[in-house]
Amino acid sequence: MTTVQVTADTLLQRAIDMQDTLRQRAAETRDLRRIPEQTISDFHQAGFFRMLQPARYGGLEMNPKHFYDVVFEIARACPSSGWVLSVVGVHNWQMGLLDERAQADVWGEDDTALISSSYAPKGKVTPVQGGYRISGSWQFSSGSDNCQWILVGGIIPPANASETPGISSFLIPRDGYQIEDDWYTTGLQGSGSKSLVVDDAFVPAYRVHSFAEGYACNSPGIRINSNPIYKLPFGQVFVRAVSMPAVGAAQGALDAYSEYNANRLNSVGMQAKEFPASQAAGAEAQSVIRSARLKMHCAYDTLLARIAAGEDLPDIERAEF
């Protein structure tokens, strides 16, 4: 398993080069109500899913800011495609936090396997020898048609009354769940955010990831994946998985606004692009978008610098980011 190193700039340019194709596929994506397989194949070929994946499985282990820069450009052209790339691709980072055996289960034979998720702790979890049995239904698993595994949420019952229930995610292969085709919506129509149904699946204990471990940055995977990105708090990486596609979509909307107004006259016969109110609206929107991207970069550069220096991550800083 060797990794061909590519630069962040190369990956970003691949995303920009893909924009016209994604715009051309927009109608097909809406009609399918999921991401076309060709788009997923394009993402694989471009290396986007490897950006946060452990190097031992062919990943690039990049600073998450580079991954979310790519997400931004993809969502700029097709919000559904950017959303699915983001919320599916980020699981390759989470897999780096899980037990070594779980990583081998998913990627041992195919290091391109993908995972979708629904983290609401809705599953009924029953402890059994060697792991847990879990049943339930979860909504909004974006990209589920394109994936071979899922991570779903549940609460592990405490062993005694003095313990706090533990919210965790449970890793289940494709033959352990059903996808319910119920994604009919007015937004993100192509994201395929369908429901998942699990009926009494067995999940080995090593395929369970505790949210508490993710917050405390002591997940079992960091013992084998030493890159500092796997020492980032779970929330710091996952919150961007849903915010950055939205920021990219906002940039796409601003692009459309600018294109629409480029040769348009307003109600008083003045070129819209030269009208102060039009310029002010565009400038304000661009400022908000730029601020969100800069904040994202600042967050990861700051946190990774602290990790490299062996410093604690202050709660006030984590809350800010």
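Model, not experiment: these values are computed from the prediction.
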Going by distance alone, is a donor N or O of one side chain under 3.5 Å from an acceptor N or O of the other, for Ser191 and Ser80?
no
Take a 6.0 Å sphere around CZ of Arg290 and say whether it holds more than 12 heavy atoms from other residues, nucleotides or ligands.
no
Identify which one of Glu73, Gln24, Arg76 satisfies the side-chain hydrogen bond (donor to acceptor under 3.5 Å, both in side chains) criterion when paired with Gln19.
Glu73
Testing the basics here: between Met244 and Arg293, what is the closest heavy-atom pair and its distance to 0.1 Å?
CE-CG, 4.1 Å
Could you tell me if Ser141 and Ser116 have a donor-acceptor pair between their side chains, going purely by distance under 3.5 Å?
yes
Leu151 with Tyr206, same ILVMFWY side-chain cluster at under 4.5 Å:
no
Does the Asn225 side chain pair with the main chain of Gly96, one donor and one acceptor, at a distance under 3.5 Å?
yes
Do other residues, nucleotides or ligands put more than 12 heavy atoms under 6.0 Å from the CD atom of Glu163?
yes
Is Asp182 atom CG crowded by more than 12 heavy atoms from other residues, nucleotides or ligands, each under 6.0 Å away?
yes
Which atoms form the tightest heavy-atom contact between Lys231 and Cys217, and what is the distance?
O-SG, 3.3 Å
Quick check: are there more than 12 heavy atoms from other residues, nucleotides or ligands sitting under 6.0 Å from OH of Tyr260?
no
Counting only heavy atoms not in Asp200 (residues, nucleotides, ligands), do more than 12 fall under 6.0 Å from its CG?
yes
Nearest 0.5 Å, what's the CD1-CG distance between Ile35 and Asp145?
10.0 Å
Beyond-backbone contact of Ile167 with Tyr119, side-chain heavy atoms, under 4.5 angstrom:
no
Inter-residue atom distance Ile150.CD1 - Leu114.CG, 0.5 Å rounding
14.0 Å
Within the 4.5 Å heavy-atom criterion, are Pro314 and Glu320 side-chain neighbours or not?
no
What closest approach, in Å, do Ser142 and Trp83 show between heavy atoms, and which atom pair accounts for it?
OG-NE1, 2.9 Å
Arg318 NZ/CZ over Tyr215 ring centroid, <6.0 Å and within 45° of normal
yes
Nearest heavy-atom approach of Leu52 to Tyr230 is O-OH, 2.9 Å
Given Ile74, Asn92, Val88, the one that forms side-chain contact (heavy atoms from CB on, under 4.5 Å) with Phe48:
Ile74
Atom CG of Leu294: over 12 foreign heavy atoms under 6.0 Å
yes
Shortest non-hydrogen pair, Cys147 vs Gly143, comes out as SG-O, 3.3 Å
May I ask you to check whether Asn266 and Asn261 show a side-chain donor-acceptor distance below 3.5 Å?
no
Around atom CZ of Phe234, are there more than 12 heavy atoms from other residues, nucleotides or ligands closer than 6.0 Å?
yes
Would you check if there is a donor-acceptor pair between the side chains of Asp42 and Gln38 at a distance under 3.5 Å?
yes
With Arg240 as the cation and Phe238 as the aromatic partner, state whether NZ or CZ is under 6.0 Å from the six-membered ring centre and within 45° of the axis.
no
Check the side chains of Gln251 and Asp255 for a donor-acceptor pair under 3.5 angstrom, ignoring hydrogens and angles.
yes
Can you confirm whether more than 12 heavy atoms, excluding those of Asn263, are under 6.0 Å from its CG atom?
no
Between Ser117 and Trp138, is any pair of side-chain heavy atoms under 4.5 Å apart?
no
List the atom of Ala292, the atom of Val247, and the distance in Å for their closest heavy-atom pair.
CB-CG2, 4.0 Å
Under 3.5 Å, side chain of His91 to main-chain N/O of Ile115, donor-acceptor pair present?
yes
